[in-house]
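Just below is one structure, and these are the notes that go with it.
We count ligands from 1, going down the list as the structure has it; atoms in each ligand are counted the same way.
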Amino acid sequence: MKKNLYIVRCGEVALKGMNKPYFERILLERVKKALESCEDAEVKWVDGLMFVRVPVSVSEDEVIEKCVRVFGVASVSPAVQASKDMDEIGRLAANYMNDVLKSEDIRTFKIKAKRADKTFPVESPEIARQVGGMVLKGCKVLSVDVHRPDVTLNVDVRKEAAYIFRDKVKGFGGLPLGTNGKGMILMSGGIDSPVAAFMMAKRGMSIEAVHFHSYPYTSQRAQEKVEDLVRLLTGYMGTVKMHVINLLPIQEEIVKNCPEDETTLLVRRFMMRIAEKIAEKSGCMMLITGENLGQVASQTAEALVVTDSVVDMPVMRPLIAMDKVDIMDKAREIGTYDISIQPYEDCCTVFLPKHPVTKPKIARIEKSESVLDVDALVKSAVESDKIVVIQP
Ligand code: ATP
Ligand code: MG
């Protein structure tokens with residue numbers, strides 16, 4: 001069966017020392033899984049590069065799209081393999097450029113040669129010169145421009161063969177999913193938490209989610225929006241188990257018994273407690289939120305301390321020091337933005353105080369909370385957990 005070749009480069013995985021074989025094995029599995037719908041795809045490591053061969057019937061765009069979404073992949077290049085023979089390399093390079101000419105209006109090119117196999121008798125500058133000459137002969141409309149070429153064609157002479165390839169399509173980098181424990185993301189329908197989940201998964205962390213709603217104050221559609229967001233994220237992090245919890249009974253208790261200006265903060269403390277309990281049960285090591293220093297009243301330094309103090313589990317806040325515009329750009333890049341901006345209510349906005357405290361004191365918050373049966377409220381919320389399994 002005729003197959004197209006792709007070279008996949010790993011970023012940080014290559015920097016690993018003793019653990020490199022472990023990371024490489026998992027990355028290989030992840031790329032294989034990403035290509036599982038492409039029948040007869042072959043994936044293997046050869047000397048620090050991953051070679052992917054996929055039947056020609058699968059489009060180049062599809063293969064690239066699937067590979068660049070795998071965390072740990074730094075870049076992907078469609079490539080052609082040649083034997084280590086200058087004539088063959090030159091001929092295939094010319095064919096390659098003729099193919100490019102069929103669909104693109106280009107006039108200039110440059111050859112960039114690399115000789116990883118130092119026993120190959122022709123040195124890199126000479127490889128570039130000779131292959132360039134053969135391309136010029138085979139593609140009469142092209143000329144060489146070493147400074148600003150329309151296309152740079154790489155020739156990589158390695159131990160087992162030579163490879164000819166052009167653009168590298170950038171991946172997200174990071175580390176392969178599943179190499180860094182499991183975390184529980186507190187997932188709202190907003191812009192921030194999906195980006196936070198993405199960023200932790202990019203560092204290799206498996207993700208489970210918890211979403212709080214206040215049905216019937218929040219609608220069924222609001223929950224579906226969150227499911228849509230998570231479904232989009234599964235394209236990066238595979239199947240996600242999401243715990244769905246109705247927070248309304250707790251919110252009503254708070255509204256009835258506690259100072260109005262502390263409502264949001266008190267609700268957030270309950271969210272953290274419940275999330276921690278569920279995380280413990282599910283084998284998660286950390287909580288993850290989309291909080292961002294100073295963004296809203298509940299995210300001032302003082303408020304974060306008050307929120308943090310109710311849990312023992314480490315709380316990861318990967319967006320803490322980012323600017324909102326950068327978070328929004330990231331959301332656009334990963335594709336969550338358009339879903340996030342759909343106007344559905346969130347449980348946090350249901351009982352929003354007019355003037356929320358921005359510099360809360362733990363002692364005062366604890367006093368307000370002391371009229372509530374915190375343990376019982378948390379317990380019954382945890383027991384009401386409904387699990388939705390969201391698949392790619
Ligand atoms: P986001 O854009 O993620 O909604 P935000 O800027 O709107 O964040 P808040 O509403 O204060 O900020 O929420 C802060 C964080 O608390 C969120 O990033 C998320 O991790 C968590 N959170 C908020 N609402 C919910 C919810 N309904 N279910 C689960 N987690 C939530
Ligand atoms: Mg929000």
Nearest heavy atom to atom 12 (O) of ligand 1 wins, so pick from Glu345, Lys324, Gln299, His243. Gln299
Under-4.0 Å salt bridge between Asp329 and Arg332: yes
Gly290 versus ligand 1: do any nitrogen or oxygen atoms come within less than 3.5 Å of each other? yes
Classify the contact between Asp346 and ligand 1 as side chain, backbone, both or neither, using a heavy-atom distance cut-off of under 4.0 Å. side chain
Out of Arg268, Gln223, Glu291, Arg317, the nearest non-hydrogen contact to atom 13 (O) of ligand 1 is supplied by Arg268
Using the benzene-type ring in the case of Trp, are the ring centres of Phe212 and Phe270 under 6.0 Å apart? no
With no hydrogens and no angle check, just 3.5 Å: does a side-chain donor-acceptor pair link Arg53 and Gln81? yes
Decide whether a cation-pi geometry holds between Arg115 and Phe120; the criteria are a distance under 6.0 Å from NZ or CZ to the six-membered ring centre and an angle within 45° of the ring axis. no
Would you say Pro356 and Ser298 make side-chain contact, with heavy atoms under 4.5 Å? no
Pro194 versus ligand 1: do any nitrogen or oxygen atoms come within less than 3.5 Å of each other? no
Considering only heavy atoms, does Ser193 approach ligand 1 within less than 4.0 Å through its side chain, its backbone, both, or neither? both
The atoms of ligand 1 lying under 4.0 Å from a heavy atom of Ile191, numbered in the order shown, are 2 (O)
